[in-house]
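Encoded as structure tokens, the structure appears first; notes follow it.
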Amino acid sequence: MTDRRDIPYRFEPTVTAAKLHADHNDLAAGESSGVGATVAGRLMLRRVQGKLCFGTLDDASGSRIQLFAPAAVTPDYEEFCALSVGDWVGASGEVMRTRRGELSVQVEDWRLLAESRRPFPDKWHGIADTDTRYRQRYVDLWVTPGTRRAFEIRSAAVAAIRAELAARGFTEVETPMLHPIPGGAAARPFVTHHNALDCDFYLRVAPELYLKRLIVGGLTRVFELGRIFRNEGLSPRHSPEFTMLELYEAYADYSDMMVLTEDLSAAAATAATGSTEVQVGERSLDLTPPWRRATMVELVSEFTGRELPAVGGADSAAAAASRREAERMGVATEAGWSAARILAEIYERRVESQLWDPTFVCDFPVEVSPLARRHRSSDGLAERFEAVAAGRELANAFTELADPDEQRDRFAAQEHRRRSGDSDAMTTDEDYLRALSYGLPPTGGLGLGIDRLIMLLCGAETIRDVVLFPTLRPTADSGES
RNA sequence: GCCCCUGUAGCCAAGGCCGGCAAGGCAUCGGACUUUUAAUCCGCAGACCGUGGGUUCGAAUCCCACCGGGGGCACCA
């Protein structure tokens, strides 16, 4: 008799369901292969028909295999029939195909590997409640088609990016997550406290300033692929903790970063899905390089149907014209904004979400780009771009500002905004300025939102579908439903 | 923080406007069945209708508050 409590300490499957299907493709219905196999996985379905029992085993290999258990062959037949949907089972026996043509393992021996003491979700409807899907991902991964696939795509894409960067001579590094001064992005940080040092730390909002210190230190091609944290609202595109690829390349500028963005995205897509064509909702989108390159001025002008000036201080005629246009489009502006700043606001509010095909939106106002170098030929603008696809920002990059004096001025401007109530404005990082004063060569830097990229590759509408355990409000019992 | 939608058995879900014993299906449990594919057939059981208050002879249903989830806004790359 099989005692349900008698769980083995180890088990050795000899083959996966996927491999069985591949190996026995030519086995005819009603035929036996003469080959034995041992499989293990979770029982997803069970059909008892008197002296015959069928089970469907999912072994997470991307396929499923039927267990064929005749009473005359299967030991402890009654107990086998009593298995629950959701139980983990190991079974071995001859590989055969039933009369109806289903490839099966005839159960000549079997072990219960773990019992599911909770009823497994409905085999037909699955989990309809998205809340439960995210809170109990361990169930969702088995039950919801596509969930596991999304994370396989994620894994493959990330591996491809690492491989691509390694091939280009980039060094992967890890910089602090606990920052004494939050910096590198305009974002509100999480605050935490170190007891022994008795001081507050901020969870990093970007690794940027540390990575550029490394360029100063001679790591001329560096990248970090890791989690960053921003204390902001949640949305289908925003998670409080998310994964960012940041890389810096000495002697390069933002044009080089465009090529790199295209190449990395295409490599990730090809490795993960076999194609650079992705499907998002009803529409498809092609990540094949090169992507469209357009300036923010061009895009906004295109969208509004009139030429808008990018140059001009807050009191200029240009700014006044832009302000009127913003009002016409229902975009709120503030008194002190330059023409370029107003342009950027219109872009963010009205244009970005309309850009479907991959596009490099180039040349942002200097005021909103405190770490980017001034444009070599356009006044008031910085050499910065954002890559947008499916109406969502995918990457942000610039030719890095290397001059310590100008960087100090930019920090000062941020401090000024901070004092007038902008809690996301940056604070001056003296050590970073010191690093710059040792000399930062011309450098291109790129930040690529990994979750956003994976969303594209999976066709996911929400970032929660590409994060295994997305941030949710904790429940009283932390997840029970 | 604000607005809209939403919460009925382990799972899927009807009912809600117009108050009157809380449908049905899957799973569980018992029975039949040696080639099933959401197996089928028969039977049993399972619900403080998200929580608390109010209106009413009577509330899943109407009202208020709170809690969870989704979407939008705000915030934000």
Side-chain angles (χ1 to χ4, degrees), chain A residues 29-30 43-56 64-74 77 81-86 96-104 106 116-136 139 143-144 184-189 205-206 208 228 230-240 242 244 246 330 332 344 347-349 352-353 361 364 368-369 384-388 392-397 421-425 447-449 451-452 461-464 470 472-481:
Chain A
L43 193 66
M44 303 305 287
L45 284 169
R46 196 204 48 186
R47 300 172 289 280
V48 183
Q49 195 185 333
K51 295 282 185 288
L52 206 51
C53 178
F54 301 88
T56 301
R64 291 177 172 189
I65 186 72
Q66 176 166 272
L67 301 181
F68 175 80
V73 172
T74 302
Y77 178 74
C81 292
L83 286 171
S84 298
V85 168
M96 43 85 71
R97 198 177 284 280
T98 60
R99 282 178 219 165
R100 288 296 191 86
E102 184 74 26
L103 190 70
S104 309
Q106 178 167 277
S116 178
R117 299 189 188 187
R118 290 170 180 272
F120 222 61
D122 191 283
K123 64 192 176 192
W124 189 239
H125 298 98
I127 310 175
D129 188 7
T130 53
D131 181 27
T132 308
R133 286 189 47 217
Y134 299 138
R135 289 190 196 276
Q136 300 181 216
V139 178
V143 169
T144 309
R188 200 177 319 171
V205 295
E208 171 149 359
I228 65 181
R230 299 189 180 177
N231 204 342
E232 290 155 2
L234 291 76
S235 90
R237 289 160 292 283
H238 299 267
S239 173
F242 61 104
M244 178 91 107
E246 277 206 21
Y347 164 73
E348 278 186 18
R349 299 281 171 202
E352 182 183 270
S353 62
V361 182
F364 280 58
V368 296
S369 313
R384 170 185 174 187
F385 73 79
E386 283 186 2
V388 177
R392 302 193 286 249
E393 183 198 337
L394 192 64
N396 181 17
D422 183 354
S423 60
D424 296 331
L448 194 154
D451 311 88
R452 298 265 180 90
E461 304 279 3
T462 165
I463 195 167
R464 291 178 170 174
L472 299 172
R473 187 184 296 279
T475 54
D477 60 4
S478 291
E480 201 84 6
S481 66

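Chain identifiers are assigned alphabetically (A, B, ...) following the order of the sequence lines, protein sequences preceding nucleic acid strands; residue numbering begins at 1 within each chain. For clarity, every value in this text was computed on a predicted model and none was experimentally measured.
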*Roughly how far apart are Leu448(A) CG and Glu393(A) CD, rounded to 0.5 Å?*
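So the gap between those two atoms works out to 10.0 Å.
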
*Can a donor-acceptor pair be found between the side chains of Thr56(A) and Arg64(A) at a distance below 3.5 Å?*
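No, because no side-chain N or O of Thr56(A) sits under 3.5 Å from a partner of the opposite role on Arg64(A).
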
Side chain of [X], backbone of [Y]: donor and acceptor closer than 3.5 Å?
X         : Y         : value
Ser235(A) : His238(A) : yes
Arg392(A) : Ser353(A) : no
Arg188(A) : Glu232(A) : no
Arg384(A) : Val368(A) : yes
Tyr347(A) : Phe364(A) : no

Can you measure [X] atom [atom1] to [N] atom [atom2] for me and round it to whole angstrom units?
X         : N      : atom1 : atom2 : value
Leu43(A)  : A27(B) : CG    : P     : 13 Å
Glu232(A) : G1(B)  : CD    : C1'   : 15 Å
Leu234(A) : A74(B) : CG    : P     : 16 Å
Asn231(A) : G1(B)  : CG    : P     : 13 Å
Arg46(A)  : U40(B) : CZ    : P     : 13 Å
Arg237(A) : A74(B) : CZ    : C1'   : 14 Å
Tyr347(A) : C76(B) : OH    : P     : 16 Å
Arg47(A)  : C26(B) : CZ    : C1'   : 15 Å

*Considering residues at least two apart in sequence or located in another chain, which fulfil the ring-ring contact (aromatic ring centres under 6.0 Å, His included) criterion with Phe68(A)?*
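Checked Phe68(A) against ring-ring contact (aromatic ring centres under 6.0 Å, His included); matches are Phe54(A).
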
*Establish, with yes or no, whether the OP1 or OP2 oxygen of C76(B) is under 4.0 angstrom from a side-chain nitrogen or oxygen of Arg349(A).*
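No, outside the criterion.
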
Expressed in whole Å, how much space separates the [atom1] atoms belonging to [N] and [M]?
N      : M      : atom1 : value
A13(B) : C75(B) : C1'   : 38 Å
G52(B) : C67(B) : P     : 15 Å
C62(B) : U8(B)  : P     : 16 Å
G30(B) : A45(B) : P     : 15 Å
U61(B) : A22(B) : C1'   : 11 Å
G24(B) : A14(B) : C1'   : 7 Å
U28(B) : C17(B) : P     : 36 Å
C44(B) : G31(B) : P     : 15 Å

Could you list, one pair per line, each protein nitrogen or oxygen that sits under 3.5 Å from a nitrogen or oxygen of nucleotides 32-35 of chain B, together with the distance?
residue	atom	partner	partner atom	Å
C33(B)	N3	Gly50(A)	N	3.0
U34(B)	OP2	Lys51(A)	N	3.2
U35(B)	OP1	Gln49(A)	NE2	3.4
U35(B)	O2	Arg99(A)	N	3.0

Any strand is fair game: report the nucleotide pairing with [N] by Watson-Crick or G-U wobble, both distances under 3.5 Å, or none.
N      : value
G7(B)  : C67(B)
A38(B) : none
G43(B) : C29(B)
G1(B)  : C73(B)

Touch class at under 4.0 angstrom, heavy-atom based, for [X] against every strand present:
X         : result
Arg188(A) : sugar-phosphate
Tyr77(A)  : nothing
Arg452(A) : nothing

*asked:* For Gln66(A), give me all partners under side-chain hydrogen bond (donor to acceptor under 3.5 Å, both in side chains), at least two apart in sequence or on another chain.
replied: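 If we apply the side-chain hydrogen bond (donor to acceptor under 3.5 Å, both in side chains) test to Gln66(A), skipping adjacent residues, the hits are Arg47(A), Ser104(A).
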
